[in-house]
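Working notes for the structure below.
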Amino acid sequence: MDYNLASPVGTTVGTTLDRFISKKQEQFPYATGELSQLLRDIALAGKIVNREINRAGLIDVTGAYGSQNIQGEEQQKLDVIANIRFIRALRNGGEVCGIISEEDDDIIDTGKPNGRYVVAIDPLDGSSNIDVNVSIGTIFSVYRRLSPRGTHVEERDVMQPGKQQVAAGYLLYGSSTMLVYTTGYGVHGFTYEPSLGEFFLSHPDMLIPDKGSIFSVNEGNYEDFSEPIKEYLSFCKKNRYSARYIGSLVADFHRSLFKGGIYLYPDTATAPKGKLRLLYECNALAFIVEQAGGKATDGKQRILEIEPSSLHERCPFYIGTSAMVDDVSTRIQQYKQPS
Ligand code: P6P
């Protein structure tokens, strides 16, 4: 029978994440398949966490877990569940010798001394939004280890500047669940089809719009912002930009990536390093946005250039459309304290 494959009946279901990774593998500097397997492990954990999130209202996984993380933040039950799922998936995959997680004070030794990679992860960012059904996300960075294979992970393995990342990505658990990642060869978005249990390529070679008119910041902190940031926000309003702030970093970043714009989490007098964490929040999104043609800075330097000094350090964070990020950096660097 002559099937008309152009018809909807014969339309292919699209490229799965697994097939895409395999096809792109030849672009990995180390085409040994280990980084491919690591990405598959993250996607698997993401599917499991997605299922837990989608059932959150039905089973007892919402609300506080009853303990705090090193940040002093109340851990949500799903925070703990997500942390366990990602650590377990990465440990079982065997490619990772160590992990740092927002939910753990110290480096996690996976007990896999032959793993070539280390992972920095925020297993469930924005989890305070779970109970109100707002989109939340997972953020991850992958580095090659510096210490010799066959030994246990060392602090230097995870304390690398963001420019050393070999892969980075995020999962967004929203109206649809997406996985967006880069290995340094462009940014690619996959949409999860739960009925098939697969991520399908939906947004190949993503690029951030080079013009933007959306600014995203928690203006509740306005009184604590520096003068150049206050001036920039006035500029945005005078130009009738749109204000959008979900209060969930992955969702706010994802919108900026799609629509253009800038996300700001500035330093303040009370929080001189800002709120967001360099190693498992800012570095990954900075790698992605630069691969998509955007920029990310702490106001003084590229996020990816920052040499980490502690596992859970924070940094001021300005990320999005290049011209908008440049505008903020220029204002910060040219601001002269009144004498
Ligand atoms: P604020 C969530 O806790 C988070 O780390 C990010 O997801 C989010 O962008 C930010 O904090 C929100 O912080 O101070 O505006 O509530």
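First listed ligand is number 1; within each ligand, the first listed atom is number 1. Values below: all heavy atoms of this structure, side chains included; hydrogens, waters and symmetry mates excluded.
- With a 4.0 Å cut-off on non-hydrogen atoms, Y263 touches ligand 1 through its side chain and not its backbone.
- Classification of R40 and E95 as a salt-bridged pair fails, no side-chain N sitting under 4.0 Å from a carboxylate O.
- Side-chain atoms of E290 do not come within 3.5 Å of backbone N or O of A286 as any donor-acceptor pair.
- Below 3.5 Å of separation, one finds an N or O of N218 facing an N or O of ligand 1.
- Side chain of N218 to backbone of Y245: no donor-acceptor contact under 3.5 angstrom is found.
- Relative to the ring axis of F200, R19 does not place its NZ or CZ within 45° and under 6.0 Å from the centre.
- Backbone and side-chain nitrogen or oxygen atoms of L276 are examined, and none is located within less than 3.5 angstrom of a nitrogen or oxygen of ligand 1.
- Close approach of ligand 1 to R277 is summarised as follows: ligand atoms under 4.0 Å from at least one heavy atom of the residue are 5 (O).
- Between the choices N221, D125, I246, D122, the shortest heavy-atom distance to atom 6 (C) of ligand 1 belongs to D125.
- Using a 4.0 Å cut-off between heavy atoms, V250 makes no contact with ligand 1 at all.
- Heavy-atom distances between S128 and ligand 1 stay at or above 4.0 Å for every pair.
- At a cut-off of 3.5 Å, with distance as the only test, a side-chain donor of E313 or S309 sits close to an acceptor on the other residue.
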